[in-house]
Amino acid sequence: MRFMNFRVAGAALLACVGGLAALAQNGGHGFDASRMDTSVAACTDFYQFANGNWLKATQIPAAFPSWGSFNILAENNRNTLREILDEASKDAKAKAGSTEQKIGDFYATCMDEQKREAEGAKPLAPYLARIDKIGDVKGLEMELAYLHKEGVPVLFGFGAGPDFKNSSMEIGNAGQGGLSLPNKDYYTKTDDKSKQLRDAFVRHVSAMFQLLGDAPAQADREAQTVLTIETRLAENSRSPVELREVEKQYHIMSAADLDKLTPHFSWGDYFAGLGLPKNLQINMAHPEFFQAADKMLADVPVADWKTYMRWQLLNAAADALSSKFETENFNFYGKTLTGRKEQFPRWRRCVSSTDNNLGEALGQTYVARAFTPDAKRRMQEMVGNLISAFRDRLEAASWMSDETRKAAVAKLAAFGQKIGYPDKWIDYTRLQISRDSYAANIIRASEFQQWRDLNKIGKPVDKTEWGMTPPTVNAYNNWLRNEIVFPAGILQPPFFNPAADDAINYGGIGAVIGHEITHGFDDEGAKFDLAGNLKDWWTPADMKNFEDRSNCIVKQFDAFEVEPGLRETGKLVSGESIADLGGLTVAYHAFEKSLQGKPRPASIDDFTPEQRFFLGWAQVWAEKSTPEYERLIAQSNEHPLGRFRVNGPLSNMSEFAQAFQCKVGDPMVRPETERCQIW
């Protein structure tokens with residue numbers, strides 16, 4: 001089942017990793033001159049200059065929505081995980097309850113197609129029977145609590161998270177949810193493509209109900225019911241841009257306050273159903289959503305709610321059932337929504353599922369094979385260099401007063417750093433994994449994750465915890481803990497390549513480090529202080545300067561056209577774009593500083609070290625995507641598309657213009673009055 005997730009304040013490098021490619025390391029240089037199209041001037045379109053030949057020659061593989069040089073690392077990691085899991089699944093001597101037994105049995109049941117086909121949808125029978133017995137709104141309430149406790153994301157999200165204004169303590173958080181499409185816009189936009197997608201969604205829901213055994217006419221009616229309920233929820237949900245306004249998602253309420261907000265829903269009974277105190281005080285992130293949902297409890301027939309619950313259960317569990325459910329689920333969410341043409345092979349799906357459900361159990365074995373103490377040491381050294389370079393930038397920021405600068409430097413000095421893997425691993429003792437059923441393992445794993453999450457409420461924050469598993473090819477900044485985190489999975493080529501020269505590594509992992517540091521000072525991260533609390537530590541004049549500089553980036557990205565009629569949304573991608581520009585700027589100056597007192601590095605393939613720095617960044621972000629996937633990312637994700645992550649920040653950097661001798665008037669040089677710079 002898909003585990004419930006309440007959005008925690010923080011920002012990551014990537015939207016997702018969705019493709020595979022072969023990034024040639026060209027004799028250890030770290031960039032591949034053969035993939036460049038030098039018929040396009042670097043000062044005209046640097047993305048095409050760095051990647052044009054590769055873009056012309058590359059086809060998106062049928063199983064992928066996006067194919068890029070970045071993703072070779074994710075696939076290499078996945079192959080390592082496959083080796084680990086193949087061995088574990090064949091180990092008949094693994095001790096019961098051991099890490100090896102659990103990851104081996106989980107993977108084996110996922111790979112056992114014959115048993116999964118025989119089970120069909122039988123694992124859902126107890127849940128469907130419970131839903132069928134609901135007779136009134138109170139029954140709906142109790143079943144909602146039960147499904148949430150099992151990790152099924154029905155109607156809204158609820159989970160633990162640090163208190164925004166007392167970040168050392170975990171509290172309960174309730175937030176909008178209950179949608180099957182990416183966000184509210186998919187239900188409310190009236191353009192032809194949006195209407196066509198909703199029609200396809202209704203056909204998909206009907207097909208899934210028919211696979212459960214419902215007659216076609218009944219399934220069609222049920223699908224319309226689902227769309228009607230989800231549309232009402234969507235109309236009262238916040239948009240992706242509004243969800244970035246973290247300060248507007250903090251409303252501490254007592255149980256009595258909550259009951260006044262939703263008179264048809266008893267929060268005390270809901271909390272009791274989760275095993276929590278009935279008088280719990282929580283953060284109500286989106287009050288207007290819950291007011292609307294409460295009205296729906298009063299005027300939507302119970303029978304319709306039962307249909308909606310059946311759908312939410314089925315949708316959450318689809319990938320754990322037999323192939324007919326899995327295939328139909330892929331047909332909509334894979335083909336229609338992202339443009340993929342075929343599913344990933346089963347082994348790949350099973351590796352990902354094991355990582356999703358037993359990530360730190362699998363991660364322990366992964367880091368023993370793939371991450372060396374020397375790699376951790378070198379990463380720690382580079383993080384130190386980048387933090388030092390960012391401090392220099394803070395000290396030199398002429399637009400900031402000494403009062404705010406002092407607070408910013410203190411926040412930077414307080415950054416926590418996590419590199420490679422956790423010092424303390426998740427204890428999976430309570431989670432029972434066996435070879436009886438893949439769906440049963442998924443259900444138990446989902447319930448275990450939810451139990452761990454709910455058990456945190458009312459307790460001090462455990463700052464040793466990680467938000468990503470060790471093999472993950474990503475990194476993040478957690479504002480509520482004021483920390484930057486780099487899993488072992490990303491600390492390998494092409495981001496971190498021991499065989500490449502320093503220019504490439506600073507343009508790769510150096511810019512990643514700078515990106516995550518800058519997230520602590522982007523348009524969301526800047527609202528949190530050195531302790532991770534939501535607190536205004538800026539003078540009014542400095543905040544005005546910061547907002548003006550941030551709006552420069554918003555305007556720049558608003559102008560980037562994804563396809564005719566669709567542009568990037570500057571307010572949606574501003575945090576990531578601030579982090580890209582800041583990360584590149586800081587990494588470049590850290591690289592320049594590293595050259596002091598040393599002989600100047602020689603040119604390679606006629607490219608200077610400064611030029612290689614920018615090539616390192618540009619070739620990492622090379623990607624080809626389906627039109628469907630680009631539309632999905634542009635409308636719902638905080639990360640801009642790869643071509644804009646290259647040309648956008650570089651066109652603001654005088655360092656880039658100098659490296660490639662670009663002049664004012666060139667497309668890659670923004671007019672000085674429009675040039676964006678923050679950090």
Side-chain angles (χ1 to χ4, degrees), residues 1-2 4 121 124-150 152-158 174-184 186-188 195 197-237 261-267 269-270 273 286 288-318 325 328-329 332:
M1 296 187 185
R2 297 187 188 119
M4 293 178 65
L124 299 187
Y127 298 90
L128 293 169
R130 288 179 60 99
I131 293 171
D132 187 56
K133 291 178 182 177
I134 296 172
D136 53 23
V137 172
K138 178 56 68 175
L140 285 172
E141 183 181 288
M142 292 297 95
E143 188 60 23
L144 184 69
Y146 175 77
L147 290 172
H148 280 193
K149 195 172 183 180
E150 294 291 293
V152 182
V154 180
L155 189 57
F156 64 89
F158 183 82
Q176 67 184 45
L179 305 182
S180 305
L181 295 174
N183 59 56
K184 71 173 296 178
Y186 283 77
Y187 296 87
T188 59
K195 292 177 181 177
L197 188 61
R198 287 194 291 274
D199 289 343
F201 172 66
V202 169
R203 290 193 296 272
H204 164 62
V205 176
S206 176
M208 291 289 277
F209 277 131
Q210 290 179 56
L211 291 177
L212 270 186
D214 296 352
Q218 177 187 348
D220 288 344
R221 291 192 297 272
E222 291 169 332
Q224 287 294 338
T225 296
V226 169
L227 179 65
T228 298
I229 289 177
E230 293 194 1
T231 299
R232 284 188 64 178
L233 295 174
E235 289 169 345
N236 292 281
S237 297
L261 182 73
T262 59
H264 300 98
F265 184 84
S266 170
W267 285 90
D269 290 345
Y270 171 76
H286 313 120
E288 70 285 356
F289 172 85
F290 286 88
Q291 286 178 315
D294 184 71
K295 291 177 182 176
M296 290 174 64
L297 286 176
D299 62 42
V300 173
V302 170
D304 288 357
W305 280 117
K306 291 165 66 173
T307 296
Y308 169 75
M309 280 188 164
R310 289 177 73 225
W311 161 249
Q312 287 284 310
L313 171 68
L314 181 57
N315 192 37
F325 292 97
E328 174 55 38
N329 189 60
F332 179 73

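Count residues from 1 along the sequence.
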Enquirer: Does the Thr228 side chain pair with the main chain of Gln224, one donor and one acceptor, at a distance under 3.5 Å?
Expert: yes
Enquirer: How far apart are the C-alpha atoms of Met296 and Leu233, what are their side-chain angles, what is the distance that settles it, and do they pass the side chain to side chain contact (heavy atoms under 4.5 Å, CB included) test?
Expert: CA-CA 9 Å; Met296 290 174 64; Leu233 295 174; 3.8 Å; yes
Enquirer: Looking only at non-hydrogen atoms, find the nearest pair between Val202 and Ala223 and report the distance.
Expert: O-CB, 3.3 Å
Enquirer: Check the orientation of Trp311 and His204. Use parallel for under 30°, tilted for 30 to 60°, and perpendicular for over 60°.
Expert: perpendicular
Enquirer: Report yes if the side chains of Met208 and Phe325 come closer than 4.5 Å at any heavy-atom pair, otherwise no.
Expert: yes
Enquirer: Is the shortest distance from a Lys or Arg side-chain nitrogen in Lys138 or Glu141 to a carboxylate oxygen in the other one below 4.0 Å?
Expert: yes
Enquirer: Can you find a pair of side-chain heavy atoms, one from Tyr146 and one from Val152, that are under 4.5 Å apart?
Expert: no
Enquirer: Give a yes or no on whether the backbone of Leu147 and the side-chain of Tyr127 come within a donor-acceptor separation of less than 3.5 Å.
Expert: no
Enquirer: Start with the C-alpha distance between Tyr308 and Val154, add both sets of side-chain angles, then the distance that settles side chain to side chain contact (heavy atoms under 4.5 Å, CB included), and finish with yes or no.
Expert: CA-CA 9 Å; Tyr308 169 75; Val154 180; 3.8 Å; yes
Enquirer: Students often mix this up, so state it plainly: with edges at 30° and 60°, are the rings of Phe156 and His148 parallel, tilted or perpendicular?
Expert: perpendicular
Enquirer: Would you compute the distance between atom OG1 of Thr225 and atom NZ of Lys306 and round it to the nearest 0.5 angstrom?
Expert: 13.0 Å
Enquirer: Take Thr307 and Phe209 through the test side chain to side chain contact (heavy atoms under 4.5 Å, CB included) and record every step on the way to the result.
Expert: CA-CA 10 Å; Thr307 296; Phe209 277 131; 4.0 Å; yes
Enquirer: Cut-off 3.5 Å, side chains only: do Glu235 and Thr231 have a donor facing an acceptor?
Expert: no
Enquirer: Quick check for you: to the nearest 0.5 Å, what is the distance between Arg198 atom CZ and Tyr186 atom OH?
Expert: 11.5 Å
Enquirer: Taking all non-hydrogen atoms of both residues, which atom of Val302 and which atom of Leu140 are closest, and how far apart?
Expert: CG2-CD1, 4.3 Å
Enquirer: Are any non-hydrogen side-chain atoms of Arg310 and Asp214 less than 4.5 angstrom apart?
Expert: yes
Enquirer: Using only atom types and a distance under 3.5 Å, with no angle test, would you say the side chain of His264 pairs donor to acceptor with the backbone of Leu297?
Expert: no
Enquirer: Looking only at non-hydrogen atoms, find the nearest pair between Ile134 and Gly139 and report the distance.
Expert: CG2-C, 3.8 Å
Enquirer: If every non-hydrogen atom of Ala219 is compared with every non-hydrogen atom of Gln210, which pair is closest and at what distance?
Expert: CB-CG, 3.5 Å
Enquirer: A side-chain contact here means heavy atoms from C-beta on lying under 4.5 Å apart; do Ile229 and Asp304 qualify?
Expert: yes
Enquirer: Please test Phe158 against Tyr270 for ring-ring contact (aromatic ring centres under 6.0 Å, His included), starting from the C-alpha separation and ending with a verdict.
Expert: CA-CA 11 Å; Phe158 183 82; Tyr270 171 76; 5.7 Å; yes
Enquirer: Do the rings of Phe201 and Phe332 sit parallel, tilted or perpendicular, given the 30° and 60° boundaries?
Expert: tilted
Enquirer: Considering non-hydrogen atoms only, spot the tightest contact between Val300 and Arg232 and give its length.
Expert: CG2-NH1, 3.7 Å
Enquirer: Decide side chain to side chain contact (heavy atoms under 4.5 Å, CB included) for Leu124 and Leu314; before the verdict, give the C-alpha distance in whole Å, the side-chain angles of both, and the deciding distance to 0.1 Å.
Expert: CA-CA 8 Å; Leu124 299 187; Leu314 181 57; 3.9 Å; yes
Enquirer: What's the spacing between Trp267 CH2 and Leu261 CG if we round to 0.5 Å?
Expert: 8.0 Å
Enquirer: To check you understand the geometry: which heavy-atom pair defines the closest contact between Ser180 and Glu230, and what is its length?
Expert: OG-OE2, 2.6 Å
Enquirer: Report yes if the side chains of Ser237 and Asn183 come closer than 4.5 Å at any heavy-atom pair, otherwise no.
Expert: no
